[in-house]
Each structure stands twice: as C-alpha cells, then as structure tokens.
Amino acid sequence: MSYSKACCSIPPVVSDYQHTGEMETYDGLDIYTVGPKDAKNAVLVIYDVFGYHPNAYQFCDILAKNCGWKVIMPDILHGDYATMELLKQFDKFMVWLNKVGTYEAVHPDIERSVRYLKESGVTAATLVGFCWGAKIAVQLTSEMPFFIGASLIHPSFVDVKDAEKAGAPILALPTSDEPDMTEYMEVLYKKPFGSQCKHHRFNDMHHGFCAARGDYTNELNAQRANEAIQYTVNFFTDCFKSVQPSL
C-alpha cells in the first residue's frame with residue numbers, strides 16, 4: 001500500500017469561499033447538499049482529512065453546477081479533523097485515522113447517507129474521494145451496488161487489493177505526488193467494466209489541488225481543478241448511462 005508523503009507536508013490553504021448549498025441533518029449526521037432537490041442521480045463526496053474546508057464546499061458547488069445532479073458531502077468525521085500538527089507526527093496521525101477514518105468507522109454514516117438519498121428519490125449514485133477518501137470510495141464500490149462509479153482524486157493509501165475488489169468503474173486522477181498507478185489500473189482494466197475505467201495524471205499539480213490544499217485563486221490550479229471536475233462529470237455521465245440506457 002502506498003501513500004503520498006506530500007499528504008503529511010503540504011498545509012491546507014486559507015480560503016474565504018462561501019458555499020452556495022445547504023447543510024442538513026439526517027439521523028444525527030450533518031450533510032452538505034447542493035444541486036437539484038428532485039434529482040434521480042447523485043454524487044457523494046468524501047472529503048480529505050481536513051473535513052469541511054472551504055475548498056471542499058467549492059468543489060461540490062462547481063461539480064453540481066457542471067453536472068446537474070444532487071451532490072452531497074456527509075460529515076463522516078463529525079468535526080474531528082486533522083491538523084498539520086497531527087500530520088507532522090505520522091504515528092499519531094495513523095492512530096487517529098485508524099480510529100475515525102477506517103472503512104468500518106465511516107460505513108454507518110455512508111449507509112445513513114444512502115438512506116438520505118433514496119428517501120429524496122435518488123436511484124443511483126457515484127462517489128468522489130479525495131486523498132484518504134479515495135480509498136474509502138473504491139472500497140464502497142465493492143460492497144454497495146448503489147454506487148455505480150468512483151472518481152479517485154489525488155488518492156492516498158493506494159492498494160492494488162482495493163482495485164481487485166472494486167465493484168464499479170473507477171476514474172483515477174493522481175498528481176505528481178502520487179505513486180504510479182499502472183498496476184492498479186491494469187487490475188481494473190481486466191474487470192467486466194474495465195473498458196469504462198479511466199486514468200489521467202495531473203503531473204503539474206500537487207497532492208490536494210482540488211481540495212483543502214488547492215489554491216482556487218491561482219489560475220493554473222483553478223484550471224486544473226475544473227479539468228478534474230469535468231473529467232469526473234464525463235466519467236459519471238457514462239456510469240449513469242450504463243445503468244439507465246434511456247438517459
């Protein structure tokens with residue numbers, strides 16, 4: 001399993017972005033939601049370890065504007081977010097992450113999120129995962145058929161075993177800071193849905209450029225973040241078409 005060392009060295013940016021969506025509470029879980037309330041398709045975003053950072057909201061808002069689906073971002077860490085002080089102490093960081101951020105730890109909140117979506121009329125959803133969230137996203141496709149695709153943006157803790165168990169098409173969008181994902185993708189390409197899987201490296205970007213570590217006021221960073229969002233929209237469009245041919 002490989003992780004990006006940049007994950008523990010690049011700090012989050014300071015941003016005054018004001019989100020355009022709404023915060024709702026469902027069964028004790030805070031959920032950020034943006035986009036059409038009556039949408040039949042949805043995207044669940046799993047933020048990075050900095051949680052509800054302004055850039056996470058900004059990503060969701062741009063994504064919703066570009067795709068026309070409902071976009072939600074549940075607070076699966078319940079406000080217990082990482083700090084740079086914690087990240088600089090890798091052993092302590094891993095103790096924290098293994099307590100609050102394992103698949104087993106977050107799965108109940110994902111189940112709550114799915115119920116929330118289904119009760120609002122959503123029939124199928126996809127996943128976006130940043131950094132640590134990317135690992136959770138691909139793991140979710142192996143056990144929850146409600147999720148029909150996942151976009152892994154600057155993923156960390158990359159493990160071929162996750163690819164082997166993936167149950168839906170995967171879009172991988174690593175940066176120059178992430179490990180080579182050729183072997184990971186080769187495993188995915190051999191799946192029944194392998195032809196739908198995509199891989200694009202943003203070699204001129206750093207880890208976190210779409211989330212808390214990205215500077216959306218920087219022209220190149222903003223351009224690349226929007227490109228990553230468009231890659232994701234195009235990929236998810238094909239995912240939804242594959243299960244809803246009439247779209």
Verify whether one side chain among [X] and [Y] offers a donor that lies under 3.5 Å from an acceptor in the other.
| X | Y | result |
| --- | --- | --- |
| Asp75 | Tyr47 | yes |
| Glu227 | Gln223 | yes |
| Tyr17 | Asp61 | yes |
| Glu178 | His207 | yes |
| Gln139 | Ser142 | no |
| His78 | Asp109 | yes |
| Asn226 | Gln230 | no |

Testing the basics here: between [X] and [Y], what is the closest heavy-atom pair and its distance to 0.1 Å?
| X | Y | answer |
| --- | --- | --- |
| Pro155 | Pro174 | CD-CA, 3.9 Å |
| Gly149 | Ala168 | N-CB, 3.7 Å |
| Ala172 | Met185 | CB-SD, 3.8 Å |
| Asn221 | Asp215 | OD1-N, 2.9 Å |
| His199 | Tyr189 | CB-OH, 3.8 Å |
| Ile136 | Gly101 | CD1-O, 3.7 Å |

Is there a path of hydrophobic side-chain contacts, each under 4.5 Å between heavy atoms of I/L/V/M/F/W/Y residues, joining [Y] to [X]?
| X | Y | result |
| --- | --- | --- |
| Phe50 | Leu86 | yes |
| Val187 | Leu152 | no |
| Leu171 | Val160 | no |
| Tyr103 | Val95 | no |
| Val71 | Met144 | yes |

Which residue, Ile110, Val138, Thr126, forms the side-chain contact (heavy atoms from CB on, under 4.5 Å) with Phe147?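 The passing option is Ile110.
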Under the criterion side-chain contact (heavy atoms from CB on, under 4.5 Å), which of Val49, Thr83, Asn98 is the partner of Phe93?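 Answer to the side-chain contact (heavy atoms from CB on, under 4.5 Å) test with Phe93 among Val49, Thr83, Asn98: Val49.
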Assess whether atom CD of Glu24 is packed by more than 12 heavy atoms of other residues, nucleotides or ligands within 6.0 Å.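 More than 12 heavy atoms, drawn from other residues, nucleotides or ligands, come within 6.0 Å of this atom.
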For residues 186-196, which residue pairs qualify under salt bridge (charged side-chain N to carboxylate O under 4.0 Å, His left out), counting only residues two or more places apart or in two chains?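 Sorted pair list comes back empty.
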Any salt bridge (charged side-chain N to carboxylate O under 4.0 Å, His left out) pairs touching residues 114-131, not counting sequence neighbours?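 For residues 114-131: Asp27-Arg115.
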Rounded distance [0.5 Å steps], [atom1] in [X] versus [atom2] in [Y]:
| X | Y | atom1 | atom2 | value |
| --- | --- | --- | --- | --- |
| Leu173 | Met181 | CG | CE | 9.0 Å |
| Asp48 | Arg213 | CG | CZ | 6.5 Å |
| Ile148 | Ser242 | CD1 | OG | 5.5 Å |
| Arg201 | Thr182 | CZ | OG1 | 8.0 Å |
| Leu127 | Thr232 | CG | OG1 | 11.5 Å |
| Ile46 | Ile72 | CD1 | CD1 | 10.0 Å |

Is the closest side-chain heavy-atom distance between [X] and [Y] below 4.5 Å?
| X | Y | result |
| --- | --- | --- |
| Ser120 | Lys70 | yes |
| Leu220 | Met205 | yes |
| Asp238 | Asn234 | no |
| Tyr184 | Asp162 | yes |
| Glu22 | Lys37 | yes |
| Leu140 | Phe146 | no |
| Ile10 | Asp177 | yes |
| Val45 | Phe130 | yes |

Members other than Val13 in its cluster, when Ile, Leu, Val, Met, Phe, Trp, Tyr link by side-chain heavy atoms under 4.5 Å?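 Besides Val13, the cluster holds no residue at all.
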Tell me, with the steps shown, if Asp80 and Trp96 meet side chain to side chain contact (heavy atoms under 4.5 Å, CB included). CA-CA 9 Å; Asp80 184 9; Trp96 169 82; 3.2 Å; yes
Phe236 vs Phe240 aromatic rings, parallel, tilted or perpendicular, using cut-offs 30° and 60°?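 Judged by the thresholds at 30° and 60°, the geometry between Phe236 and Phe240 is perpendicular.
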Under 30°, 30 to 60°, or over 60°: which ring-plane class applies to Tyr26 and Tyr116, parallel, tilted or perpendicular?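 Answer is perpendicular, since the angle exceeds 60°.
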Between Phe193 and Thr141, does a side chain to side chain contact (heavy atoms under 4.5 Å, CB included) hold up when you go through it step by step? CA-CA 12 Å; Phe193 49 78; Thr141 67; over 6 Å; no
Between the side chains of Lys161 and Glu164, is the shortest nitrogen-to-carboxylate-oxygen separation below 4.0 Å, so that they form an ion pair?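 Salt bridge between Glu164 and Lys161, a charged N being under 4.0 Å from a carboxylate O: no.
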Any donor-acceptor pair under 3.5 Å from Tyr216 side chain to Cys210 backbone: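 Yes, the answer is positive, given that a donor and an acceptor are paired below the 3.5 Å cut-off.
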Under 3.5 Å, is there a donor-acceptor pair between the side chain of His53 and the main chain of Ala211?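 Flag not set: sc His53 to bb Ala211 has no pair under 3.5 Å.
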List the steps, then state whether side chain to side chain contact (heavy atoms under 4.5 Å, CB included) holds for Lys198 with Tyr231. CA-CA 9 Å; Lys198 307 292 182 184; Tyr231 272 114; over 6 Å; no
Assess the residue pair Ile153 and Phe59 against the criterion (side chain to side chain contact (heavy atoms under 4.5 Å, CB included)); give the C-alpha distance rounded to whole Å, side-chain angles, the decisive distance to 0.1 Å, and a yes or no. CA-CA 11 Å; Ile153 302 180; Phe59 179 94; 3.7 Å; yes
